[in-house]
J.: 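Have a look at this one.
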Amino acid sequence: MDNRGNMETVTKDKRVKERNATTPFFKRILALVALALIAGLIIAFLLVALFGGPESKDVFVGLAGAIVAVPILFWLLLWSAGAVFGRHTIASLDAGTSNKRHDKYGNVIPDGKIDTVVFDIGNVLTDFAWKEFIASKGYDEQMVERIGKASVESEDWVEYDKGNLTNDEIIERFVENDPEIAEDIRKVFVNIDGIILKREKTIPWIRALKAAGYRVLYLSNFSKQALEGCPDAMAFLEETDGGILSYRDHFVKPYPEIYHLLEERYDLVPEKTVFIDDTKVNIDACLKLGWEGIVYKDYEQAEKALFAIGVRY
């Protein structure tokens, strides 16, 4: 076993000792009583089976039934107590997290120092498919590039994300960048429905992180038009614990105001937060605030990077 394996074993042993040390004395007594009762029933059942006569038939059947019924009753009692008081118990219906630590309310406590994963949206949780979007309006590759240069790739595109201008006002800024194709630009951006495409791995990824106890937030330069025009691609938002879309608060990345706003709104602890974004300048901004950061390239690379900083799910 390598050093990393030894360290993980030591850490697990330490956690077991910590859990044992913090288990209330009365819980230990109850557990021992339950085990003693079940063991006593099994021993009595075996003795009757081996040495009992015909007159012991009723006792034999009663003991057999008790051996089945008593553990079930104990399980139901524990499960009911956990459900009523919102506490995690050994009977909780979460076998997938049985090897995890839980707080007193039954919530999984993530391993490692990170407790919050923050995602960018475009080209991380969804595809920002602007070239396909423009091409779908009937334009060839050369015209797609020209319209994109006047709009999506221009500095004016950020006005969508800031949420300060109307759609018509933004479009006229695009027109100013290339007046010769004014009508084409207006035709393309009368709405931007379908410019964002769904990624199949997004919701399972979010659910896996949440099941492991991590809080999942989003932080994205994003427009109202894209949100309303791409409902299927944006359905994952309901799976998260919240976040910020820039148009709602009129701040954009990589300026620090939007990061500070997320910190304040969700009580983030910088050193316990990791941000995943496909744009390096946005990650550089979060690193200056003390967050962990991952420049997203693809799903597998991001998973490995999360694992490297202790995120387990």
Side-chain angles (χ1 to χ4, degrees), residues 1 3-117 207-216 241 266-269 271-273 307 309-313:
M1 184 181 292
N3 291 335
R4 179 178 173 183
N6 288 328
M7 290 178 64
E8 290 185 351
T9 300
V10 170
T11 300
K12 289 179 181 177
D13 290 342
K14 181 179 178 182
R15 286 174 181 165
V16 170
K17 290 179 181 178
E18 288 175 350
R19 284 198 290 270
N20 289 339
T22 56
T23 301
F25 182 72
F26 79 91
K27 288 186 178 181
R28 297 186 188 185
I29 295 299
L30 287 175
L32 289 173
V33 169
L35 289 173
L37 177 58
I38 294 171
L41 287 171
I42 294 172
I43 292 170
F45 174 79
L46 292 174
L47 290 174
V48 172
L50 292 172
F51 305 110
E55 69 281 0
S56 303
K57 178 182 178 181
D58 291 341
V59 176
F60 179 83
V61 173
L63 287 170
I67 289 172
V68 174
V70 169
I72 293 175
L73 288 173
F74 267 112
W75 185 89
L76 287 173
L77 179 63
L78 289 171
W79 178 84
S80 299
V84 170
F85 296 106
R87 301 295 179 92
H88 182 268
T89 72
I90 196 172
S92 298
L93 299 176
D94 59 350
T97 66
S98 60
N99 63 335
K100 297 286 187 178
R101 294 177 298 149
H102 296 76
D103 63 20
K104 65 180 182 179
Y105 301 108
N107 300 310
V108 178
I109 300 173
D111 295 326
K113 70 173 184 177
I114 300 296
D115 64 14
T116 303
V117 179
R207 287 178 177 173
L209 285 164
K210 287 175 62 64
Y214 297 97
R215 184 168 49 163
V216 177
D241 297 301
Y266 294 96
D267 296 320
L268 298 186
V269 178
E271 60 269 22
K272 293 184 178 182
T273 303
F307 189 89
I309 61 173
V311 176
R312 305 285 190 271
Y313 55 97

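Nothing fancy with the numbering, it's 1 onward along the sequence. All values below were derived from every heavy atom in this structure, side-chain atoms included, with hydrogens, water molecules and symmetry-related copies excluded.
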J.: Between atom CG of Leu37 and atom CG of Leu32, what is the distance when rounded to the nearest 0.5 Å?
T.: 12.5 Å
J.: Over all heavy atoms of both residues, which pair between Ala64 and Phe45 is shortest? Give the atoms and the distance, please.
T.: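 So the minimum-distance heavy-atom pair works out to CB-CE1, 3.7 Å.
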J.: Specify the closest pair of heavy atoms between Pro71 and Ile38, including all atoms of both residues, with the distance to one decimal.
T.: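 Here Pro71 and Ile38 meet closest at CG-CD1, 4.1 Å.
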J.: First locate atom CD1 of Ile67, then atom CD1 of Ile72, and finally report the distance between them rounded to the nearest 0.5 Å.
T.: 12.0 Å
J.: Would you check, one step at a time, whether the test side chain to side chain contact (heavy atoms under 4.5 Å, CB included) holds for Thr116 with Asp241?
T.: CA-CA 10 Å; Thr116 303; Asp241 297 301; over 6 Å; no
J.: Considering non-hydrogen atoms only, spot the tightest contact between Lys272 and Lys113 and give its length.
T.: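 Closest approach of Lys272 to Lys113: CG-O, 3.2 Å.
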J.: CD1/Ile42 to CG/Leu47 distance, rounded to the nearest 0.5 angstrom?
T.: 12.0 Å
J.: With rounding to the nearest 0.5 angstrom, report the CZ to CG distance, Arg215 to Leu209.
T.: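 The CZ atom of Arg215 sits 13.5 Å away from the CG atom of Leu209.
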J.: Roughly how far, to the nearest 0.5 Å, is the CG atom of Leu46 from the CG atom of Leu63?
T.: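 Leu63 CG to Leu46 CG: 10.0 Å, rounded to 0.5 Å.
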J.: Has Tyr214 got a side-chain atom pairing as donor or acceptor with Arg312's backbone, closer than 3.5 angstrom?
T.: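 Here the side-chain-to-backbone pair exists.
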